[in-house]
Number of protein chains: 4
Amino acid sequence: MSADNTENKKPWSGRFLRPTDAAVEAFTSSITFDSRLYPYDIAGSIAHCRTLAKAGVITDVEAGALIEGLKKVCADIESNHMAFEDRLEDIHMHIEDRLFMHVGDLAKKLHTGRSRNDQVAVDVRLYLKEETTGIISGLARLREALVDLAERKIDTVMPGYTHLQRAQPILFSHHIMAYYEMFTRDCARFSDALSRMDVMPLGSAALAGTTYPIDRHYTAGLLGFSQISENSIDAVSDRDFMMETMSAAGICMIHLSRFSEELVLWSSSEFSFISLDDAFCTGSSIMPQKKNPDIPELVRGKTGRVIGDLTALFMLMKSLPLAYNRDMQEDKPLVFDSMDTLFACIDIYSRLVPNIRVNNKTTKLAAQSGYLNATDLADWLATAGMPFRQAHECAGRAVAYAIKQNKELHELSLDELRAFSPLIKDDIFDALSLDTVISRRRSYGGTARQNVIAAISRAKEALEAVNGSEICKEKTGE
Amino acid sequence: MSADNTENKKPWSGRFLRPTDAAVEAFTSSITFDSRLYPYDIAGSIAHCRTLAKAGVITDVEAGALIEGLKKVCADIESNHMAFEDRLEDIHMHIEDRLFMHVGDLAKKLHTGRSRNDQVAVDVRLYLKEETTGIISGLARLREALVDLAERKIDTVMPGYTHLQRAQPILFSHHIMAYYEMFTRDCARFSDALSRMDVMPLGSAALAGTTYPIDRHYTAGLLGFSQISENSIDAVSDRDFMMETMSAAGICMIHLSRFSEELVLWSSSEFSFISLDDAFCTGSSIMPQKKNPDIPELVRGKTGRVIGDLTALFMLMKSLPLAYNRDMQEDKPLVFDSMDTLFACIDIYSRLVPNIRVNNKTTKLAAQSGYLNATDLADWLATAGMPFRQAHECAGRAVAYAIKQNKELHELSLDELRAFSPLIKDDIFDALSLDTVISRRRSYGGTARQNVIAAISRAKEALEAVNGSEICKEKTGE
Amino acid sequence: MSADNTENKKPWSGRFLRPTDAAVEAFTSSITFDSRLYPYDIAGSIAHCRTLAKAGVITDVEAGALIEGLKKVCADIESNHMAFEDRLEDIHMHIEDRLFMHVGDLAKKLHTGRSRNDQVAVDVRLYLKEETTGIISGLARLREALVDLAERKIDTVMPGYTHLQRAQPILFSHHIMAYYEMFTRDCARFSDALSRMDVMPLGSAALAGTTYPIDRHYTAGLLGFSQISENSIDAVSDRDFMMETMSAAGICMIHLSRFSEELVLWSSSEFSFISLDDAFCTGSSIMPQKKNPDIPELVRGKTGRVIGDLTALFMLMKSLPLAYNRDMQEDKPLVFDSMDTLFACIDIYSRLVPNIRVNNKTTKLAAQSGYLNATDLADWLATAGMPFRQAHECAGRAVAYAIKQNKELHELSLDELRAFSPLIKDDIFDALSLDTVISRRRSYGGTARQNVIAAISRAKEALEAVNGSEICKEKTGE
Amino acid sequence: MSADNTENKKPWSGRFLRPTDAAVEAFTSSITFDSRLYPYDIAGSIAHCRTLAKAGVITDVEAGALIEGLKKVCADIESNHMAFEDRLEDIHMHIEDRLFMHVGDLAKKLHTGRSRNDQVAVDVRLYLKEETTGIISGLARLREALVDLAERKIDTVMPGYTHLQRAQPILFSHHIMAYYEMFTRDCARFSDALSRMDVMPLGSAALAGTTYPIDRHYTAGLLGFSQISENSIDAVSDRDFMMETMSAAGICMIHLSRFSEELVLWSSSEFSFISLDDAFCTGSSIMPQKKNPDIPELVRGKTGRVIGDLTALFMLMKSLPLAYNRDMQEDKPLVFDSMDTLFACIDIYSRLVPNIRVNNKTTKLAAQSGYLNATDLADWLATAGMPFRQAHECAGRAVAYAIKQNKELHELSLDELRAFSPLIKDDIFDALSLDTVISRRRSYGGTARQNVIAAISRAKEALEAVNGSEICKEKTGE
């Protein structure tokens, strides 16, 4: 089945008297999940070959042959010509074993001056750099979708909520732009994580560095890393880059969960603020009338998953002595699951957002009932000279009166209003109108239409800058 | 590819104007993970057929044909003749779709009086009952292995530790029996969880109960449930049985992590208390001398995973309004991962424990150095009439003196000892001997040899009782 | 300041050459949080005195004097006559130090045959037994409040939801009784935890058992424990009882979070299903009209806290070698915070539930719009002979048609309905009426009025049984 | 007791008919924990006064009087002249209530144009900026202590470990510098978090912005913020800055837990690599000989606490609709606890590290036994032309042979060694010597002495730069 370069021996069997138990092989094997690291592992090995050749540890001819062989292994994997087996433990051993089939004994020189400890560190960093870049791109698309929605719906008025109680009227676009801000911060966090993970560990070997005179900066350049690790023990022990990126993923999922919650609420009969396109919903196997907001629900549910992965990673790293411990093998399923889940959620939302239909009439109606202009009555009174606390209480009593009358504030007569304060004059009705209430909130960042239009415009500029930049190349390689 | 019973329509397509987006199908599909529920889903459907027939909703002939068809579907799946596709969403729809191929339009009657909401609830409960039973059996095997080890090693003396500092001498068997106690408690927790999950939800339909006059106790009997759910809304909303079982799994993993930590410590050059069989270790790709305790390390690492799953489940259930929400689809990968991981860890340890070799000499030597008999000096003094606090301080000063002399307490002369208290007499040396120190700790649960032998004997009786019982039948069906 | 029984020396200062650094004292002290364990610590010490006397280790007179002294210490603490200081580390040392003031040198005999390791284990078990009992009582009161509400509101119809979409009409009482079921399961879980924590550890001493001939069953009897620990190492290492109880607390908080979410939703303008009494809400400092459902929001937020405590406990216990490690000092703030939070949430809800006002008209109106009887149309067709899947699709098309007409199903004419199936007859309108839809869901556990009344009646019986029982005595001692 | 500016009315009582229930007041009050925000709240209010005056909303005289009054409130609090009561809910209301006592009705103007929602947002950001700065300073001190230790111990050789098995000899200083790298990364993460939290939310009011013509950049300048928030809804809904900082805290605690684990291991009798000063250890109440590494144990235990807080925060934020919800009140105990715990751990370690005594002889002895030079034998063979994999296996067989002979590799004779490969020559013994093994690992980041000295030198330069910078001013205000 496999090239018998070791007569079925492990790479470390020299000092062992008995072969590994089959149940142990199955339990300890990581090939079922780390096989996806193959492109990074092969890229790392190719760079390692070049580095060894540059240092004179192997000849240029040997390096060429090894690189040729590694490319064949890559092709074998991509064409499904290579079986994965527990016996060969992990992706590193599979590739070396297959390499032997292509280049014979020369393959046994590849592992000179490195260890699986620094090899897996470089693989996972390459993987995560690519994933993180993909997530930043995905977020850019989602932010674009949000900005587009905000731009299209600039005339939609809705209630703003606190405590899920109607609070003050806002522009729907202003609300959507709040999510734009969150995802923009997420991008910044992922960028910071990206620059901190951009550190090349190869050359650290098992933990103490290598005795071969290799040029680690050269390796880093070949692999596109901007820095090299400063301390070989740290280089093979460190999983900060995972913890940091997965924390950023958790925060991003929190944003997605909040957006999801709102989409679920807004899709309910009670709110009826939006409807999602049929293509983005599913129905019920028993209730013929159902059209369910499955995607927001699933995204909300997947939030737990990503944060559970982070908890697991923290727990596995806790109290591990330096340097590498086998516990760390368990980091990979966690980071893979988190990144896959986050990317899928971002991606599906960048598709769903353009398919949100907003029921302008319902949202406007909602903004007009529930005394959302009570603050403006208080502000009017405060501007007229009443201390704000008194103005607030006065407006509160007016609300209590209006509730009893089953009217809104702006439906009360001037006389009724003046019963709460003789300061009140006729222009109060303008102050209480929906348009005025919104347009007067002109403090920077407020919901006034001109503010929101300006914010949209700034966002579009920022996104254009992102799209022009290096980082936002398409996610590849999956 | 599949029986086209619905002309590729969803089971709920009646009110929908547009087909589901392909990316949405992929995002919402659960078939990649819920396919493993097929035996439970088919068992549930067979019981449902019988119940419908008993209620006269379908005829006995129809029921017979449906059951025959369902068995064929089961055979199709087990012989890999059935492809799984995102288009068909989940295992329920796959089975119904395939059933149509076998029995035609009759298949469309199967879903009468039920919903996927109660269907998945029954599936997961059946699954988890079986898994939990399997884990209890696995724990019984592990407990047996521990008791065997304790019995074989009854003569091994080692230091007991607190704060990882040598504290008092103990029997190695006493230490091992501490783990027996932990795993015994785990069994009790899983048994309690098992009895609370043994509740049949079918008949709750979407959430409000069904209009068909079915006998739910009859269904429960067919499926081996001892109780039926009391409230249909709760029945489809409840995931307590998962949270409880996964909490118990988390606690059990904590025990395994503690045992793992100790095996790692004891395998180190510094402790050298045990060695693990070559068949249960692996080596290094770079360092030829290495023999690593991979299994304990991996088990320790997997602890995070199980507790991460629990965190994720808690987070996904938090704040969900009643009844079913699509978020709950995400519960399955979590519970599957937890149960698989826990079972694998228990299983590998029940194989590893018999392969632990204890270095009696090293452990005994360790028990004799480090002043582990200082408490006994204090106890001797207290028994001789000195208040314990003074006795403690007196012994403490003797230790400080002995450290300076580079001797152990029992290596000091009587005169040296009497300098700390004139109460001290010649029989102090017997009191400080390793054998006496251990044998005098005869309080129930203490480390005296006769106590430990009695504990082992009680454990063997308990395990025999377990092995004779119903619950400990072999885990099946994976 | 304190009785200088040790000339300011630590109880363990014998072998130490330098005093403890003040910053270290502050960092390691636990007195700020473990002081609340004083009643349990004193009760444990009193039982220990009696046990030592019974074993002849101290005289009856000595025991009497020590017990008298301990009671005085208790009085000192309760009258705030005793200062807590970092120098004395923990509650155990404070009590012993104060005891010296009352009984002099005799105090130095109290610690004979025990260690702080088994002392804190007994304290925390006594504490948690009491707390758990209190929580079970609190849950009984909450369940009563729910059953009362269900009984009072038996005529209220509301929509049942899945995916937060209106699904089928249900009785409000049926929905409330779903929570009754959850909290009933919580009680069962806490009861199981209670019986597993009811194990007396004293006599385990540091870890190996004690050399004094004490009768541990006697101590257990004095302290109200039903069992004694089997293994001294396990006894001082084990925190399962905390992990299990805090897991149960987490599950209970999940239930409370779901109820909270619904109360928040139902209090919104959009739902308007309920209003909470003014006394249970607060307002806004800026918006005069606001009345916020703060309590449900806070309870929902506190869910994270309790589960965070559990995560912390798991993380701290992970990988700890046996036996006691100082890390375990950190368990107490976690368990205190969890139990306090859970109890406060249960308690406030048992007060809030009777103050929920339900807007019957709104809920009924909601149950009548949104095609909640579509399942019944499908069921009617299935009963008339159409396979359920076809019936479902047929009803789905009728819904799509009705949406276009802006009508409900029961507002369509017979002819309009018959366009979807010629099977349909005049009695379909009865089948689609709200009353029929509810009353026909008579399967056990379904929402039919007679079912719900029976369920309420069973619940009242169960609660009476609980109230009559031992366990439900009032929570005391806080 | 308090200034009765509202006749015991709530600031929002206008529309309420019934007063708040006392149990509800106790449950919802946050004053027990948010009182510590007073300096930030007062600073925010002072800046708000100035902003209102600049905008002409209040006069300069009014502003002056309010500011004077606020300073008096600050003095009242600092001199303990102000009682905190549940009735007044939170720190904001306490300060306003007290302000009334000092300035009368004018106090009622303070809340113009703001809400508690943006007020608490600014308070917590000010608080967290200060804490984060303090943590960065604390980490600088800890890094200095580590670099000092590394410099002092540059001659200490010890075994490097993987899987807790001896792997290759390293310099103790190299190992210590690995922690320096970790804490340096932590500083970078906290700095990034700091710049992202440096955003001023005031002026967002409840959620929609304010109607008053205020200059938010002016306010930001007064409070030392470099940016202002872009979106008012986001500004009051956002807790990213907490999640990010607490994630960074979690990662930092993971580093501390790993260091703690190693200190505990190294302090054990089995390792005996270090001893901690008596002043940094405590003893046992029962075992006179014990000297326990309590601080590392407690720090390790506190890791769970900080990560539990993070889990709690994630869980509380999950699925919250915009904007402010009362759940978010629960964020404060979590962030306070995390920051306090982290700072205390960093601080105690910066004191403990200089008190670590290293047992050079023991560490060197350990580095010489256990075949830690086996890699160098393999490297020697590989350099001599044998492919590395064969060289590895050859060295492995030599190790197996040496184990049987009970010798180390360098204790074998040349003939014995040559039995494994005729390539081996006399200079192998130099290659296997401890000094050579270390000094040959000269790849950048490796353990060779000259590398480590250079790394220490770079670190000292970096720390000097930090000490000279703005950010590293002393943490104040606790």
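Predicted, not measured: the structure shown is a model, and the values here were computed from it. Each chain gets a letter, A, B and so on, in the order its sequence line appears, and its residues count up from 1.
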Handout entry: Option in His392(D), Arg258(D), Glu261(D) with maximal non-hydrogen atom pairs under 4.5 Å from chain A
Key = Arg258(D)

Practice task
Check whether Leu106(A) gets within reach of chain D through its side chain, its backbone, both or neither, counting any heavy atom under 4.5 Å.
Solution key: neither

Practice task
Look only at the side chain of Gln390(D) and the backbone of Lys108(A), and say whether a donor-acceptor pair between them is shorter than 3.5 Å.
Solution key: no

Problem - Part of Leu171(D) within contact of chain A (heavy atom distance under 4.5 Å) - result: neither

Handout entry: Ser237(A) versus chain D, the contacting section by heavy-atom distance below 4.5 Å
Key = both

Completion exercise
So, the part of Ile438(A) with a heavy atom under 4.5 Å from chain D: the answer is neither

Practice task
Salt-bridge test for Glu230(A) and Arg458(D): reply yes if a basic N is under 4.0 Å from a carboxylate O, no otherwise.
Solution key: yes

Problem - Which portion of Ile170(A) sits near chain D, non-hydrogen atoms under 4.5 angstrom - result: side chain

Fill in the blank from the handout: Under 4.5 Å to a heavy atom of chain D? For Ala455(A) that would be neither

Problem - Best-contacting candidate, Arg442(D), Glu244(D), Met177(D), Arg300(D), against chain A by heavy atom pairs under 4.5 angstrom - result: Glu244(D)

Handout entry: Closest-packed option against chain D by number of heavy-atom pairs under 4.5 Å, given Gly113(A), Ala178(A), Gly446(A)
Key = Ala178(A)

Problem - Smallest separation among heavy atoms of Leu164(A) and Pro321(D), with atom names - result: CD1-CG, 3.9 Å

Handout entry: Residue among Ala206(D), Ala382(D), Ala188(D) with most heavy-atom pairs under 4.5 Å to chain A
Key = Ala188(D)

Exercise for the section: Report the option among Ser319(A), Gly209(A), Ser232(A) that has the most heavy-atom pairs separated by less than 4.5 Å from atoms of chain D. Expected result: Ser319(A)

Problem - pair Lys109(A)-Phe388(D): side-chain heavy atoms closer than 4.5 Å - result: no

Handout entry: Which atoms of Ser260(A) approach chain D - backbone, side chain, both or neither, heavy atom under 4.5 Å
Key = neither

Practice task
Give the intermediate values and the outcome of side-chain hydrogen bond (donor to acceptor under 3.5 Å, both in side chains) for residues Asp379(A) and Tyr212(D).
Solution key: CA-CA 9 Å; Asp379(A) 279 354; Tyr212(D) 299 96; 3.1 Å; yes

Practice task
Name the option with the most non-hydrogen atom pairs under 4.5 Å to chain A; the candidates are Met182(D), Arg326(D), His217(D), His175(D).
Solution key: His175(D)

Exercise for the section: Report the C-alpha separation of Glu96(D) and Arg389(A) in whole Å, then their side-chain angles, then the decisive distance to 0.1 Å, and conclude whether the salt bridge (charged side-chain N to carboxylate O under 4.0 Å, His left out) test is met. Expected result: CA-CA 10 Å; Glu96(D) 194 177 318; Arg389(A) 278 284 172 238; 2.4 Å; yes

Fill in the blank from the handout: Output for pair (Met317(D) CE, His255(A) NE2), nearest 0.5 Å, gives 7.5 Å

Problem - Contacting region of Leu265(A) [heavy-atom separation from chain D under 4.5 Å] - result: side chain

Practice task
Under 4.5 Å heavy-atom distance to chain D, tell me which part of Ile307(A) shows up: side chain, backbone, both or neither.
Solution key: side chain

Fill in the blank from the handout: OH (Tyr161(A)) and CD1 (Ile233(D)) are apart, to the nearest 0.5 Å, by 12.0 Å

Practice task
Output the option from Asp240(A), Thr383(A), Leu313(A) having the highest count of non-hydrogen pairs under 4.5 Å with chain D.
Solution key: Asp240(A)

Exercise for the section: Using modelled atom types only, decide if a donor and an acceptor are shared between the side chain of Ser443(D) and the backbone of Thr210(A) within a distance under 3.5 Å. Expected result: yes

Practice task
Give the member of Gly445(D), Ser247(D), Ala400(D), Gly304(D) that has the highest number of heavy-atom pairs under 4.5 Å with chain A.
Solution key: Gly445(D)

Exercise for the section: Measure from the side-chain N and O atoms of Arg441(D) to the backbone N and O of Thr211(A), and report whether any donor-acceptor pair falls under 3.5 Å. Expected result: no

Completion exercise
So, the part of Asn117(A) with a heavy atom under 4.5 Å from chain D: the answer is side chain

Fill in the blank from the handout: Applying a strict 4.5 Å limit to non-hydrogen atoms, the region of Phe259(A) in contact with chain D is neither

Completion exercise
Max heavy-atom pairs within cutoff under 4.5 Å with chain D, candidates Met243(A), Glu181(A), Arg185(A), goes to Arg185(A)

Handout entry: Part of Pro213(A) lying under 4.5 Å from any heavy atom of chain D
Key = neither

Problem - Contacts of Val199(D) that satisfy side chain to side chain contact (heavy atoms under 4.5 Å, CB included) - sequence neighbours left out - result: Arg125(D), Gln227(D), Ser229(D)

Exercise for the section: Could you tell me which non-hydrogen atom of Gln168(A) sits nearest to which non-hydrogen atom of Leu207(D), and how far apart they are? Expected result: OE1-CD2, 3.9 Å

Problem - Contact origin within Leu310(D) toward chain A - heavy atom pairs under 4.5 Å - result: side chain

Exercise for the section: Look only at the side chain of Asn231(A) and the backbone of His174(D), and say whether a donor-acceptor pair between them is shorter than 3.5 Å. Expected result: yes

Practice task
Could you grab the distance from atom CG of Leu320(D) to atom CD1 of Ile254(A), nearest 0.5 Å is fine?
Solution key: 8.5 Å

Problem - Separation of Met315(A) CE from Ser257(D) OG (nearest 0.5 Å) - result: 11.5 Å

Problem - Validation row: Ile251(D), Phe314(A) side chains within 4.5 angstrom (heavy atoms) - result: yes

Exercise for the section: Among Val399(A), Thr375(A), Leu322(A), Asp215(A), single out the residue with the greatest number of heavy-atom pairs under 4.5 Å to chain D. Expected result: Leu322(A)

Problem - Set of side chain to side chain contact (heavy atoms under 4.5 Å, CB included) partners for Ala220(D), sequence neighbours left out - result: Met200(D), Phe225(D), Ile228(D)

Practice task
Flag the one option from Asp238(D), Ile214(D), Thr303(D), Asp186(D) with the top tally of heavy-atom pairs under 4.5 Å to chain A.
Solution key: Asp238(D)

Problem - Full working for salt bridge (charged side-chain N to carboxylate O under 4.0 Å, His left out) between Asp192(A) and Arg189(D) - result: CA-CA 8 Å; Asp192(A) 285 350; Arg189(D) 258 185 297 273; over 6 Å; no

Practice task
Let me know if Asp376(A) has heavy atoms under 4.5 Å from chain D in its side chain, its backbone, both or neither.
Solution key: side chain

